[in-house]
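Right, I'll just put the structure down here and ask away after.
Chain naming here is simple, since letters A, B, ... match the order of the sequence lines and numbering starts at 1 in each.
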Amino acid sequence: MAPSPTGPLHVGNARTALYNFLFARRQGGVFILRIDDTDLERSTAEDEAYIFDGFQWLGLGWDEGPFRQSERLDIYKEHAARLLAEGHAYRCYCTPEELAEERRLAEAEKRPYRYSRRCLSNPPPGRDSFTVRLQMPETRLSIEDLIRGTVSWDTALIGDPVIVKSDGWPVYNFASPLDDALMKVTHVIRAEEHLSNTPVQIVLLDFLGYARPEGYAHLPWVLAPDRTKLSKRRHRVLLTQFRDAGYLPEAVVNYLALLGWNPGTEEEIFTLEELVARFDLARVQKAGAIFDQDKLDWINGIWIRRLPVEELARRLAPFLVELDEATLKRAAPALQERLRTLVDARELLTYLWERPGPPELDPESAERLRSAAAALRDTDWTPGAIEAALERLREEHGWTRNQLFKPIRSAVAGGNSPPIHDTLALLNKQEALDRMLRAVA
RNA sequence: GGCCCCGUCGUCUAGUGGACCAGGACGCAGCCCUCUCAAGGCUGAGAUCGCGGGUUCGAAUCCCGCCGGGGCUACCA
């Protein structure tokens, strides 16, 4: 896996990373993390930190690395020199303006643009700034893509690509396949946008005498609801955003795995380990998939319910900073089947740190509330005792649960809250009784 | 423009010539359960399989054409 630190990790990168991880583990192979940071302008340390962070959060541990391309310049220089010496590449002294002019002309004449190769035969003299271009051969190439099957190209149709920029740094199409070969990468699993880059990379490998990867797999896009590319501005796409919004890494992994892949059975809920056991590139989808927040929410709810309660309490802590650990532990069981995200808990428990406004009560409700307060005064402050006391009271008067609980809830919590005995027990006893009495005062 | 990829319910998908007048899941609607909110159970609506030809006794599945979307065509990755 070789992400570029040119922006925070988003769900598309994360899914590519996941599929790489699953494939590597499934094969019993080695999962390598390489940082493709040859674009010095756009790469930042902050974005690199996001990558480590994101991988860690999702539980995608790498076996080797991280390697950084920015630390391997000598290797690229050496290989570029070899290509030059062996006549597979040449220096190009054309200025960006000249190239733009060539391109403009081709467009005006409605012919497909390809670099003219001027510098191959007679470079303009007296210039010292140059790029290195790969001299594309005229041949037919094909790969067996693990997802798409046979894909082939006529390399004569591809213009000589720049492989070394005038600042001496290699471009992606040079550094990436070269490093793959040097690092003995067997399978290149990456986003669909790279499919068209493959022939250039193969030509390069062939010239250098390095073996082509055993397999390629080009993954389909992850799209926004309008089928456009995900945008950081308009959509929630950053891993950190999901974490902050109360999503579990288990759920994100599970959902991402299903976004473009299925096990061929009707099962949908998987741990990382279970995914490793089932994953198969041949079952990856070819078409782009829209990221569906609703389905993620559903899966997140399932994973919340699968957590041991103590663990749920721990994960809830950052989202309920108003509450102490003991309260969290007591609240967790009642919360568990009511949450789709961890932040949902705030809505149900706000009453614990904020007094609700005075409820509107009809005379009968007020009377029931008064009775409840009286009955509860001498009750042990545990959910079980409270429930028993209220049930006794209810039977005594022939009230329905709704008749009795509704006024209590509105006096104590205001809006929605956990089952009434939990709602009460979680609150300090005196405070709960005060709220009830204040409502009927 | 050239080359390449893609196209099944709103969404994720099953489907590789007959068991498909297309199955599952999310979402949606209704019912049940129920102290609010959920969770859970049941039922339902929802796809002329992008379009048009062809092959075949038979096509979502094979072939051809078209349309639509996307990528590459950068001294980004």
Report summary line: Note: for W221(A) and T131(A) on RNA chain B, the residue whose nearest nucleotide lies more 5' is W221(A)
Query raised in the report: Is the backbone of M136(A) close enough, under 3.5 Å, to the side chain of D160(A) for a donor and an acceptor to pair up by distance?
Result: yes
Query raised in the report: According to the interplanar angle, ranging from 0 to 90°, do the rings of F21(A) and F31(A) count as parallel (below 30°), tilted (30 to 60°) or perpendicular (above 60°)?
Result: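 Perpendicular, since the angle between the ring planes exceeds 60°.
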Query raised in the report: Just wondering, do R72(A) and Y76(A) contact through their side chains at under 4.5 Å, heavy atoms?
Result: yes
Report task. May I have the step-by-step check of ring pair (Phe, Tyr, Trp, His ring centres under 6.0 Å) for W303(A) and Y255(A), ending in yes or no? Result -> CA-CA 11 Å; W303(A) 278 103; Y255(A) 176 70; over 10 Å; no
Query raised in the report: P atom, rG27(B) versus rG18(B): distance in rounded Å?
Result: 34 Å
Query - Sugar-phosphate, base or nothing in reach of K286(A), heavy atoms under 4.0 Å - result: sugar-phosphate
Query raised in the report: P atom, rC64(B) versus rC4(B): distance in rounded Å?
Result: 14 Å
Query raised in the report: Say you draw a straight line from CD of E144(A) to OH of Y216(A); how long is it, rounded to the nearest 0.5 Å?
Result: 12.5 Å
Query raised in the report: Quick one: is the NZ or CZ of R91(A) closer than 6.0 Å to the six-membered ring centre of F130(A), and within 45° of its axis?
Result: yes
Query raised in the report: Looking only at heavy atoms, which two atoms of L424(A) and W381(A) are closest? And how far apart?
Result: O-NE1, 3.1 Å
Query raised in the report: Which whole number of Å gives the distance between the C1' atom of rA14(B) and that of rG54(B)?
Result: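 My reading of the C1' atoms in rA14(B) and rG54(B) gives 28 Å.
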Query raised in the report: Base, sugar-phosphate alone, or nothing: which one does R114(A) contact when heavy atoms must sit under 4.0 Å apart?
Result: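 Here R114(A) touches no strand at all.
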Query - Side-chain (S417(A)) to main-chain (T423(A)) donor-acceptor, under 3.5 angstrom - result: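 Checked: no pair found.
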Query - Neighbours of RNA chain B within residues 339-346 of chain A, by heavy-atom distance under 4.0 Å - result: R340(A)
Query raised in the report: Just checking W169(A): base, sugar-phosphate only, or nothing, at a heavy-atom cut-off of under 4.0 Å?
Result: nothing
Report task. For T6(A), report the nucleic acid contact type (base, sugar-phosphate, nothing); a contact means any heavy atom under 4.0 Å. Result ->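 T6(A): no heavy atom of the nucleic acid under 4.0 Å.
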Query raised in the report: Toward the 5' end of RNA chain B, which comes first, R42(A) or N416(A), by nearest nucleotide?
Result: N416(A)
**Report entry** Sugar-phosphate, base or nothing in reach of S152(A), heavy atoms under 4.0 Å
**Finding:** sugar-phosphate
**Report entry** Under 3.5 Å on both distances, the Watson-Crick or G-U partner of rC66(B)
**Finding:** rG50(B)
Query raised in the report: At under 4.0 Å between heavy atoms, what does H218(A) touch on the DNA or RNA strands: base, sugar-phosphate, or nothing?
Result: nothing
Query raised in the report: Quantified in whole Å, what is the C1' atom distance between nucleotide rG7(B) and nucleotide rU61(B)?
Result: 15 Å
Query - Sugar-phosphate only, base, or nothing, as touched by P96(A) at under 4.0 Å among non-hydrogen atoms - result: base
Query raised in the report: If the C1' atom of rG70(B) is compared with that of rU34(B), how far apart are they to the nearest Å?
Result: 49 Å
Query raised in the report: Heavy atoms under 4.0 Å, any strand shown: does R394(A) hit a base, just sugar-phosphate, or nothing?
Result: nothing
Query raised in the report: Just checking P418(A): base, sugar-phosphate only, or nothing, at a heavy-atom cut-off of under 4.0 Å?
Result: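 Base, at least one base atom sits under 4.0 Å.
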**Report entry** Rounded C1' spacing from rC33(B) to rA47(B) in Å
**Finding:** 33 Å
Requested in this report: Could you tell me which residues satisfy salt bridge (charged side-chain N to carboxylate O under 4.0 Å, His left out) with E364(A), sequence neighbours excluded, listed by chain and number?
Outcome: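 With neighbours one apart ignored, the set is empty.
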Report task. Pick base, sugar-phosphate or nothing for D36(A), based on heavy-atom distances below 4.0 Å to the nucleic acid. Result ->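 Contact class for D36(A): sugar-phosphate only.
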Requested in this report: Quote, to the nearest angstrom, the P distance that separates rA25(B) from rG41(B).
Outcome: 10 Å
Report task. Determine, for E367(A) against R370(A), whether the closest basic-nitrogen to carboxylate-oxygen distance falls under 4.0 angstrom. Result ->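 Salt bridge: yes.
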Query raised in the report: Which is true for R305(A) with a 4.0 Å heavy-atom rule: it touches a base, it touches only sugar-phosphate, or it touches nothing?
Result: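 Sugar-phosphate: the residue R305(A), judged by heavy atoms under 4.0 Å, touches backbone atoms but no base.
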Query raised in the report: If you take all heavy atoms of R278(A) and E267(A), which pair is closest and at what distance?
Result: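 Taking R278(A) first and E267(A) second, the nearest heavy atoms are NH1-OE1, 3.1 Å.
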**Report entry** Counter-base of rC75(B), judged by Watson-Crick or G-U geometry with both distances under 3.5 Å
**Finding:** none
Query raised in the report: Which nucleotide, in any strand shown, forms a Watson-Crick or G-U wobble pair with rG40(B), with both distances under 3.5 Å?
Result: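 Looking at the geometry, rG40(B) pairs with rC32(B).
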Report summary line: chain A reaches RNA chain B, atoms under 4.0 Å from its heavy atoms, from rG1(B) to rA77(B)
Query raised in the report: Counting any heavy atom closer than 4.0 Å, what does T38(A) reach on the DNA or RNA strands: base, sugar-phosphate only, or nothing?
Result: sugar-phosphate
Requested in this report: Using a heavy-atom cut-off of under 4.0 Å over every strand shown, decide if E193(A) touches base, sugar-phosphate, or nothing.
Outcome: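 Since a base atom lies under 4.0 Å of E193(A), the category is base.
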Report task. Look at all strands and tell whether I420(A) reaches a base, only sugar-phosphate, or nothing, counting heavy atoms closer than 4.0 Å. Result -> base
**Report entry** Nucleotide paired to rU11(B) in any strand shown, Watson-Crick or G-U, under 3.5 Å
**Finding:**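 The base-pairing partner of rU11(B), which may sit in any strand shown, is rA25(B).
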**Report entry** Atom of A389(A), atom of T379(A) and distance for their closest heavy-atom approach
**Finding:**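 Closest approach of A389(A) to T379(A), heavy atoms only: CB-OG1, 3.6 Å.
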Report task. Could you tell me which nucleotide pairs with rA60(B) by Watson-Crick or G-U wobble geometry, both distances under 3.5 Å, or answer none if nothing does? Result ->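 Paired with rA60(B), as far as the under-3.5 Å criterion goes, is no nucleotide at all.
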**Report entry** Nearest-angstrom distance, C1' atom, rG69(B) to rC57(B)
**Finding:** 37 Å
